[in-house]
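Some notes on the structure that comes next.
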Number of protein chains: 2
Amino acid sequence: MTTVSSALAPLHWHAPEPALRILDQRALPAETIWQHCTAAEPVMQAIRTLAVRGAPAIGIAAAYGIVLGVRSGTQFDADLAQMCAQFAATRPTAVNLFWAIERMRVAGARTAGQPRPERLAALEAQAQCIAADDAQCCADIGRHGAPLLPDRGGVLTHCNAGALATGGIGTALGVIRTAVAMGKQLHVWIDETRPLLQGARLTAYEMAADGIAATLMCDNMAGHALKLGRIQAAVVGADRIARNGDSANKIGTYTVAVLCAHHGIPFYIAAPTSTVDLQCPDGDHIPIEERGAEEVTDPQGVRFAASGTAVFNPAFDVAPAALIAGIITEEGVARPPFSADLAAMVDRARARLDRRG
Amino acid sequence: MTTVSSALAPLHWHAPEPALRILDQRALPAETIWQHCTAAEPVMQAIRTLAVRGAPAIGIAAAYGIVLGVRSGTQFDADLAQMCAQFAATRPTAVNLFWAIERMRVAGARTAGQPRPERLAALEAQAQCIAADDAQCCADIGRHGAPLLPDRGGVLTHCNAGALATGGIGTALGVIRTAVAMGKQLHVWIDETRPLLQGARLTAYEMAADGIAATLMCDNMAGHALKLGRIQAAVVGADRIARNGDSANKIGTYTVAVLCAHHGIPFYIAAPTSTVDLQCPDGDHIPIEERGAEEVTDPQGVRFAASGTAVFNPAFDVAPAALIAGIITEEGVARPPFSADLAAMVDRARARLDRRG
């Protein structure tokens with residue numbers, strides 16, 4: 001099978017210093033600005049302000065940020081606990097963040113009693129492992145998901161679940177990249193994804209970078225494109241998947257799911273098992289981050305709205321399991337009803353990690 | 001019953017000069033700029049470039065533009081024919097434009113043989129009559145539609161079907177204004193309405209001007225707001241209503257209709273009978289204007305998207321009759337199946353105009 005790749009990566013770990021270099025995605029595609037973080041706080045700030053975004057990428061950034069934070073302190077266990085708590089408070093919805101933090105906590109605990117340099121090295125190795133695992137997850141998600149897409153036709157995606165959101169070729173875009181590499185003739189329909197335009201800025205950029213045919217549209221045009229028969233499938237990422245399959249993803253995903261159901265078009269979620277939260281029974285229990293009004297009223301610093309207007313700005317919504325045709329993970333494709341498949345996949349992924357130690 | 005009004009008006013006819021003053025809605029709400037048009041061409045340009053927009057307002061502007069064009073010529077009948085043809089070519093979807101042009105043509109034909117000053121006066125009187133009729137239509141639409149809204153709760157609207165789109169208090173917003181004047185406790189949920197942000201710029205401005213409680217959101221958030229139970233009804237305008245009730249309106253309206261159907265929320269169209277095109281059997285026969293990519297990629301002159309991206313930018317879509325609970329006109333509320341009600345309403349409106357002569 002062809003190796004599928006992307007030239008884009010949102011994070012670079014520079015071990016000698018050490019430092020985490022973060023591609024500031026708020027400036028893309030106009031400018032390529034790298035933030036050079038040698039301490040934990042700038043990494044937290046990058047997560048809070050969406051300089052780095054995308055559930056898997058946030059998890060990786062937090063892992064490296066914890067390394068930086070613990071290194072700069074003196075009390076390994078107390079510093080690690082504090083870092084884990086502080087990173088957990090940066091954003092509420094994406095569960096990969098908490099999953100990565102937990103892996104870092106366990107890696108630290110496992111080295112209890114060892115000399116500090118060994119403990120720091122183990123922590124750094126764990127962060128690198130989280131990043132490498134995510135790249136492999138993306139490749140596996142692509143491999144499992146690509147056969148679900150039609151041999152030719154339109155594929156709708158929302159937000160950016162691509163290389164810029166992960167440590168590899170992306171989740172939803174990994175599926176598309178893999179399908180195209182297999183020879184499928186796909187045309188990608190990109191929702192611009194207001195308010196922060198991750199579709200227009202990032203997904204359009206990724207598709208252009210890889211030479212994949214794509215058309216950008218405003219979010220409210222997808223329904224019309226579906227009605228015209230231009231779209232045969234939809235695939236998006238996820239920030240948290242509840243036990244029953246309800247999937248939180250970028251605001252607007254719920255509407256895409258409803259539109260696909262109305263048109264009898266399959267709607268897929270693509271995400272690593274680290275996105276699955278078995279503790280969470282259903283979508284009603286997923287906390288939905290609400291962000292500031294200015295993202296809606298003043299995008300890119302330009303006044304869009306009448307002043308004094310009250311604003312609703314939820315960053316995510318939930319596609320209910322009933323509207324999802326399949327959840328594509330690195331372990332395969334979970335089908336409705338999702339709970340049994342998802343639990344088995346999470347178990348398999350966990351067992352694999354445990355075997356590796 | 002309380003008189004319902006709005007302080008806002010998109011057009012002013014200044015008879016002594018004569019001139020049509022057009023409020024440039026592209027600059028709202030940041031700036032209030034009036035275009036002073038003493039000839040037909042600037043009025044056509046204002047329609048083409050959306051300085052004036054909204055189906056009824058376009059019809060009124062074209063009527064006054066025809067007056068200006070015929071006055072500046074020398075051959076009344078030939079000039080009138082040419083003006084009618086040129087205004088008909090400015091925008092393709094809103095049928096009120098063609099309806100107003102036809103009324104002007106008939107008014108001109110009816111004065112054949114009279115002296116030129118009388119003919120010009122009759123043409124001007126007809127344009128003023130079209131404007132006054134539209135104000136009355138809005139009031140009647142409000143009166144018929146207000147009882148359909150809940151006594152308290154959220155009402156979703158899309159784009160701007162308000163005072164700025166009409167010669168009166170608006171169609172969809174006329175219904176909301178009248179309901180609020182009746183004492184209903186409504187909260188208006190405003191879709192920002194990409195790409196041109198008529199919701200964020202114009203509807204939010206109108207609601208603030210009239211002190212009506214409102215919340216602005218991105219188009220892709222309405223689904224989530226519906227899921228949270230915050231919206232109990234939706235009402236929007238229309239640019240063309242086919243004989244079977246299929247209704248073309250601003251892009252995104254179709255998605256609103258699908259979402260309302262999914263949630264069992266009534267979705268209403270509010271428009272004068274001049275918007276009904278009985279020659280058009282259904283929505284598939286309504287021409288949908290596609291506009292330039294830069295509206296999507298560079299709103300307000302700010303780069304939003306990766307460069308070199310292909311863009312889909314339909315200005316309208318069609319809410320199918322099956323998803324519409326009622327079409328509110330100045331003659332009452334048409335109910336499904338709409339064809340009989342709509343035909344009867346158009347007949348009644350036409351008979352009223354004919355009686356007046």
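Each chain gets a letter, A, B and so on, in the order the sequences are listed, and its residues count up from 1. Being a predicted model, the structure only gives us computed values, none of them experimental.
Of the residues considered (A:Pro29, A:Ser307, A:Ala257, A:Ala310), A:Ala310 shows the highest number of contacts with chain B, using heavy-atom pairs under 4.5 Å. Between chain B and the residues A:Ile251, A:Thr215, A:Val311, the most heavy-atom pairs under 4.5 angstrom are made by A:Ile251. For chain B, the option among A:Ile288, A:Leu202, A:Asp191, A:Asp219 with the highest count of heavy-atom pairs below 4.5 Å is A:Asp219. Of all the listed residues (A:Asp284, A:Val258, A:Val256), the one sharing the greatest number of non-hydrogen pairs under 4.5 Å with chain B is A:Val258. The greatest number of non-hydrogen atom pairs below 4.5 Å with chain B, out of A:His158, A:Arg201, A:Glu192, is found for A:Glu192. Taking chain A as the reference chain and counting heavy-atom pairs below 4.5 Å, the highest number among B:Ala200, B:Gly199, B:Ala30 is found for B:Ala200.
Residue contact with chain A, scored on non-hydrogen atoms closer than 4.5 Å, involves the side chain of B:Thr309 exclusively. Looking at B:Leu323, the atoms closer than 4.5 Å to chain A (heavy atoms on both sides) all sit in the side chain, from C-beta outward. Heavy atoms of B:Ala214 lying under 4.5 Å from chain A belong exclusively to its backbone. Heavy-atom distances place the backbone of B:Arg303, and not its side chain, under 4.5 Å from chain A. Contact annotation for B:Val302: only side-chain heavy atoms (C-beta onward) come within less than 4.5 Å of a heavy atom of chain A.
Between B:Phe304 and A:Phe304, the gap from one ring centroid to the other is short of 6.0 Å.
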Which pairs of donor and acceptor atoms, one on a side chain in residues 223-238 of chain A, lie under 3.5 Å apart (sequence neighbours left out)?
from	atom 1	to	atom 2	distance (Å)
A:Lys227	NZ	B:Val318	O	3.3
A:Gln232	OE1	A:Gly154	N	2.8
A:Gln232	NE2	A:Gly229	O	2.9

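Counting heavy atoms from C-beta on, the side chains of A:His262 and B:His262 never come closer than 4.5 Å.
Using modelled atom types, no side-chain atom of A:Asp317 and backbone atom of B:Met221 make a donor-acceptor pair closer than 3.5 Å. Proximity of a side-chain donor or acceptor of B:Asn220 to a complementary backbone N or O of A:Thr193 within less than 3.5 Å is not detected.
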Decide yes or no on ring-ring contact (aromatic ring centres under 6.0 Å, His included) for B:Tyr254 and A:His263, but give the supporting numbers first. CA-CA 12 Å; B:Tyr254 172 62; A:His263 287 275; 5.7 Å; yes
